[in-house]
Number of protein chains: 2
Amino acid sequence: MRTPEELTELFRSSGRKVTAQRQCIFRVLQGDETHPSAEAVHAVVSREMETISLKTVYQTLHDLAELGEIASLDVGTGMTRFDPNVTDLHHHLVCRQCGSVRDLVAVFPELRIPEGADLGFDVGSAEIVFRGLCPECRAPAGRGRARARSST
Amino acid sequence: MRTPEELTELFRSSGRKVTAQRQCIFRVLQGDETHPSAEAVHAVVSREMETISLKTVYQTLHDLAELGEIASLDVGTGMTRFDPNVTDLHHHLVCRQCGSVRDLVAVFPELRIPEGADLGFDVGSAEIVFRGLCPECRAPAGRGRARARSST
DNA sequence: TCCTTATCGCCAACGATTGTTGAAAAACAA
DNA sequence: TTGTTTTTCAACAATCGTTGGCGATAAGGA
Ligand SMILES: [Mn+2]
Ligand SMILES: [Mn+2]
Ligand SMILES: [Zn+2]
Ligand SMILES: [Zn+2]
């Protein structure tokens, strides 16, 4: 994803207006590597703009996705996740427990489909989801002072 | 997934009763490689048992999943897909167009995460989704007699 | 300025899935 | 066969994430 300034430019030149809400969303997405859901984006943006509606967030996320500035992902956590990183070819690590999603920046060129195993599909891309436990969820809960941890 | 006879056995020994509906579902799933959704299973089963409810289908699919006889998958098509093949290690080919899902039986041992790229995740499994066009959707629509194709 | 677009709030609707209830049917152990 | 337990069905309502209206208001931008 480009910088908020560049996005401002891009929105204008694509006939979209640049509002305070949108710029706030740009800023929030900027450098966010957590692959937030729309709700999560809304939660953060709301801290700065109390009255912004979830609707507006969805709309802006879709605009950004339409412009190719972010990607929307379905990694099986029940909500669409949004990814500002559209430049690095990468895959994803997904925590079975808390649903956190992180980038795994690595290319697997050896992902060749064995001859004849493709069942006639014209394959264009491959997405790998690595499932496991994130560092937070791995942490033994019972060591030292019990550390309260929210389930979200 | 085991044979309908073995599943009958398994259901009994796990305290479940064996009904005509359940057996019908066993039979329908048997050898089905299309990764049907609950709706799809219901549609097929309904041909044989007119009055079977979608509810019952969901319930039985969950029972089977609980027993490890089938797997439930989320490959981004909007509905949970059910997979009777739990013995072959495999990945999936998903058609971008019609959403059909097929097995890609191949092991990719080279799917090693580069040192330090795992961000501290304790990775347990990796699922690959190959996206592309299935043979049906690849087929040029205009050749010879136009072949009507439903969108489902 | 003036036209266009965005936003808000509110509420309804979506599709996939799960839950509820009560009555009827069936499974199966004794 | 009888009696107990489970399952099914029908008909709903409810859930969750998401999208869609609506009119009123606010704001962008040439
Ligand atoms: Mn990513
Ligand atoms: Mn499969
Ligand atoms: Zn976690
Ligand atoms: Zn297809």
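Heavy atoms only: backbone and side chains are in, while hydrogens, waters and symmetry mates are out. Sequence lines set the chain letters: A, B, ... in the order given, protein chains first and strands last, and positions in each chain run from 1.
Computed from coordinates, the B/Tyr58 OH to C/dT20 P distance equals 17 Å when rounded to whole Å. The distance from atom CD of A/Gln59 to atom C1' of C/dT5 is 10 Å, rounded to the nearest whole Å. When rounded to the nearest whole Å, the span between CD of B/Gln23 and C1' of C/dA27 equals 11 Å. The distance between atom CZ of A/Arg12 and atom P of C/dT5, rounded to the nearest whole Å, is 15 Å. With rounding to whole Å, B/Arg22 atom CZ is found 14 Å from C/dA25 atom C1'. Taking atom CD1 on A/Ile52 and atom P on C/dG9, their separation rounds to 10 Å, with Å as the unit. Between the CZ atom of B/Phe82 and the C1' atom of C/dA16 there is a distance of 11 Å, given to the nearest Å. Distance, A/Phe11 CZ to C/dT5 C1': 13 Å, rounded to whole Å.
Contacts between residues 63-72 of chain A and DNA chain D, counted as heavy-atom distances below 4.0 Å, involve no residue at all.
Two rings, from B/His42 and B/Tyr58, have their centers 6.0 Å or more apart.
Note on A/Gly78: only backbone sugar-phosphate atoms sit closer than 4.0 angstrom, heavy atoms only; bases stay farther off. Residue B/Ser37 is classed as having no contact, given no heavy-atom separation below 4.0 Å to the nucleic acid.
With DNA chain C read from its 5' end, the first of the two nearest nucleotides for A/Arg16 and A/Glu50 is the one closest to A/Arg16.
No side-chain donor-acceptor contact under 3.5 Å links A/Gln59 and A/Thr56. In summary, the side chains of B/Asp103 and B/His35 do present a donor paired with an acceptor at a separation below 3.5 Å, with no hydrogens or angles considered.
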What's touching nucleotides 11-13 of chain C from the protein side, N or O pairs under 3.5 Å?
none

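Under a hydrophobic clustering in which Ile, Leu, Val, Met, Phe, Trp and Tyr are joined whenever their side-chain heavy atoms come within less than 4.5 Å, directly or via other members, B/Leu119 and A/Val129 fall into different clusters.
Contact between the side-chain N/O atoms of B/Thr80 and the OP1/OP2 oxygens of C/dT17 is found at a separation under 4.0 Å. For C/dT7, the OP1/OP2 oxygens have a side-chain nitrogen or oxygen of A/Thr19 closer than 4.0 Å.
A/Asp74 places a side-chain N or O within 3.5 Å of a backbone atom of A/Gly76 that can act as its donor or acceptor partner.
Note: A/His91 and A/Phe130 have perpendicular aromatic rings, judged against thresholds of 30 and 60 degrees for the angle between ring planes.
Atom CZ of residue A/Phe11 and atom NZ of residue A/Lys17 lie 14.0 Å apart, to the nearest 0.5 angstrom. Interatomic distance, CD of B/Glu5 versus CD of B/Gln30, reported as 7.5 Å (0.5 Å rounding). Atom OG1 of residue B/Thr8 and atom CD of residue B/Gln23 lie 4.0 Å apart, to the nearest 0.5 angstrom. Note that the SG atom of B/Cys98 and the CD atom of B/Glu136 stand 7.5 Å from one another [nearest 0.5 Å]. Here the CG atom belonging to B/Leu10 is positioned 11.0 Å from the CE atom belonging to B/Met1, to the nearest 0.5 angstrom.
Taking 4.0 Å as the cut-off between side-chain N and carboxylate O, B/Glu9 and B/Arg2 do not count as a salt-bridged pair.
The listed nucleotides are C/dC8, C/dT18, C/dA6; the one nearest the side chain of A/Lys17 is C/dA6.
Contacts between chain B and DNA chain D, taken as any atom within less than 4.0 angstrom of a protein heavy atom, begin and end at D/dT5 to D/dA10.
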